[in-house]
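This report concerns only the one structure given below.
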Protein chains: 2
Amino acid sequence: MKRVTIGDVATHAGVSTATVSRVINGGVVAEATATRVWDAITSLEYSPNALTKSIFAGRSSTIGVVIRDLSSPFYLDLIRGIDEVAAANDSLVMLANTFRRDDRETAQVRAMDEQRVRGLIVTTGVTADSHTRRMADNGTPCVIVSRIVPGMHSISLNNVRAGELMAAHLAACGRTSVGVVTASRRPSQIERVQGLSARAVTVAETTEDVPDAVDALLGGNDRLDAIVCTSGRLTAAVHSALTGRGIAIPDDIAFLAVDEFPWAEALGVTVIAQPTYDMGRKAAELVIECPDEPVSLVFEPALIARTSCGEVSS
Amino acid sequence: MKRVTIGDVATHAGVSTATVSRVINGGVVAEATATRVWDAITSLEYSPNALTKSIFAGRSSTIGVVIRDLSSPFYLDLIRGIDEVAAANDSLVMLANTFRRDDRETAQVRAMDEQRVRGLIVTTGVTADSHTRRMADNGTPCVIVSRIVPGMHSISLNNVRAGELMAAHLAACGRTSVGVVTASRRPSQIERVQGLSARAVTVAETTEDVPDAVDALLGGNDRLDAIVCTSGRLTAAVHSALTGRGIAIPDDIAFLAVDEFPWAEALGVTVIAQPTYDMGRKAAELVIECPDEPVSLVFEPALIARTSCGEVSS
DNA sequence: TTGAAAGCGCTAACAT
DNA sequence: ATGTTAGCGCTTTCAA
């Protein structure tokens, strides 16, 4: 069960470990020696130890990703984008989910630091920021996603614009009394609501809170003609709360959501889409390129009009 | 930018590196010394290098996961299950997507081997099996998901039963002429079709192939009264191909899919659900427990009846 | 209870 | 072109 080491290969090929290392990493070696070494490598099924290699490089070749909530549709494409860039750069992706728990967020960031990841991409809340910043100070390129943090790289959406886009679309569809279900007091959520100038706003932390939130909206003083959900994580819950109450979309109430999802087309749900995949790619590229000055990239949202707001086809 | 090492801590605390190591890993140390060391650790912001640690342990504490296609709804919950168990065992998850390309599959498995992962969970095709087996032989606990491979740990679904469940349900709904869209010649797909005893079967490798596949089914000699899609990855495409052709579900044709997805409820799509999350947990537990004899766990599918097959409420 | 010293598997000067 | 040697940051005997 003992692992084959570079030393075994060296002995088998009758050379020194240095030569084996050179063969593997492309140094100057005589053709004949190289062949002997490769033969030894294959016949012994030698697999180099990336961990030990990393010790010399000072850090590993892995990109760390800390995700707050893997169940949000936003993240799958983000990860895909990151993964693709990583694969193109011979990096692997180390993933950690924090289940929306602050203590796990700091723990996971710390774990990534201990793993000496090549770079770190996080979608954490503010709690983990001090740890992340410390990592950045120690030379690990860190990218914050979905939030702008001064002095650090960040990838985010123009959330105010997203709100405005929604407001404009709703207005164009003749809806004037808008109710909002929003996820939390995170900046991104707040900004979206800001651009929205809504009549009523309720907060639902989890999907379990959604039915109550929807009831609150529906039972308010204003008679609403549109409901928007600013969190992709809650969209399904809001939608089914609405239809479950016998509300017809868009005849009774218009429905507008943030974040594209695979079934939006089938359901005719109009959404604000983030260029999630590109954001993931960009985040990974930032890690690879590792610019000296903090760069803060803001992506523009796009409205994908379907039928849930009572759109009239042009 | 030089990283703080255990040596720096030792100097700062006026002890040897051995003592620092003992303090961190819980050896026998005098209380007073321990305090001094902890003070040094915090004041220097020392972060232990997990890579170096791993080279002593022989392997890292990370669990490797190689996923064939991150876009399939099946995998998010699988990853969540794995991640949860990993987190509970102080492990991180290293994720690699292979984009359904055989060459990338072997490359990623090899990469995981080089990373000396604590264990490996793969949903790859057969191409990577020889590599995976080699890893297993070298002492890395490996778990194959979605396929049974002799001599190796595996987690899979009772696919034949899934097919039978579908057939029975369709029959109960009075549907007798069933057409199937299946994804590929992978065993899991074939077994599902087996249990199904369908009138017509077409294969769609990717979502792009789906429209043609559906046309082939619809244009066949038999007049079908049910379409089932045996691949979660293709469900959305099949559904929209159907509705896009003006076909009413379930009035014109019943629709039945494999793999639960967040919007199934909203759309009323009847599905065969896999206990994906539990499968992920079990896979990770297998990696942690590392049983000597190969264990092959087969999970049972469950039908979630909604309305897409013209179900009559009891 | 602690320190000195010998590794873990590999790379990178420096010789030859 | 190749071998020798000294590390990388840490753990782990073995003495003291």
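Below, chain A is the first sequence line, B the second, and so on; all start at residue 1.
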*With sugar-phosphate meaning primed atoms plus P, OP1 and OP2, does A:Val15 contact a base, only sugar-phosphate, or nothing at under 4.0 Å between heavy atoms?*
sugar-phosphate
_Nucleotide nearest B:Phe56 (side chain, heavy atoms from C-beta), chosen from C:dG7, D:dT4, C:dT2_ = C:dG7
*Could you check B:Ala18 against B:Thr52 and say which one's nearest nucleotide on DNA chain D is further toward the 5' end?*
B:Thr52
*Under the side chain to side chain donor-acceptor pair (under 3.5 Å) rule, what do A:Thr276 and A:Arg80 come out as? Steps first, then yes or no, please.*
CA-CA 9 Å; A:Thr276 321; A:Arg80 289 238 300 284; over 6 Å; no
*Interatomic distance where CZ belongs to A:Arg59 and P belongs to D:dC10 [whole Å]*: 14 Å
*asked:* Check this one for me: any side-chain N or O of B:Ser21 less than 4.0 Å away from OP1 or OP2 of D:dT11?
replied: yes
*Report yes if at least one side-chain N or O of B:Asn49 is closer than 4.0 Å to OP1 or OP2 of D:dC8; otherwise report no.*
no
*DNA chain D: B:Val4 or A:Val29, which has the more 5' nearest nucleotide?*
A:Val29
*Nucleotide nearest A:Thr5 (side chain, heavy atoms from C-beta), chosen from C:dC10, D:dT11, D:dT4*: C:dC10
*Passes side chain to side chain donor-acceptor pair (under 3.5 Å), A:Asp102 versus A:Thr127? Steps please.*
CA-CA 6 Å; A:Asp102 282 342; A:Thr127 325; 3.2 Å; yes
*Whole angstrom is fine here: how far is it from OH in A:Tyr46 over to C1' in C:dG9?*
7 Å
*Rounded to the nearest angstrom, tell me the gap between atom CZ in A:Arg22 and atom P in D:dA1.*
10 Å
*To the nearest 0.5 Å, tell me how far B:Leu95 CG sits from B:Ile79 CD1.*
5.0 Å
*Would you say the side chain of A:Arg116 and the base of D:dG9 hold a donor-acceptor pair, judged only by whether the two atoms sit under 3.5 Å apart?*
no
*asked:* So, does A:Thr33 get its side chain near the phosphate of D:dT2, meaning an N or O under 4.0 Å from OP1 or OP2?
replied: yes
*For atom CZ of B:Arg3 and atom C1' of D:dG9, their distance in whole Å*: 12 Å
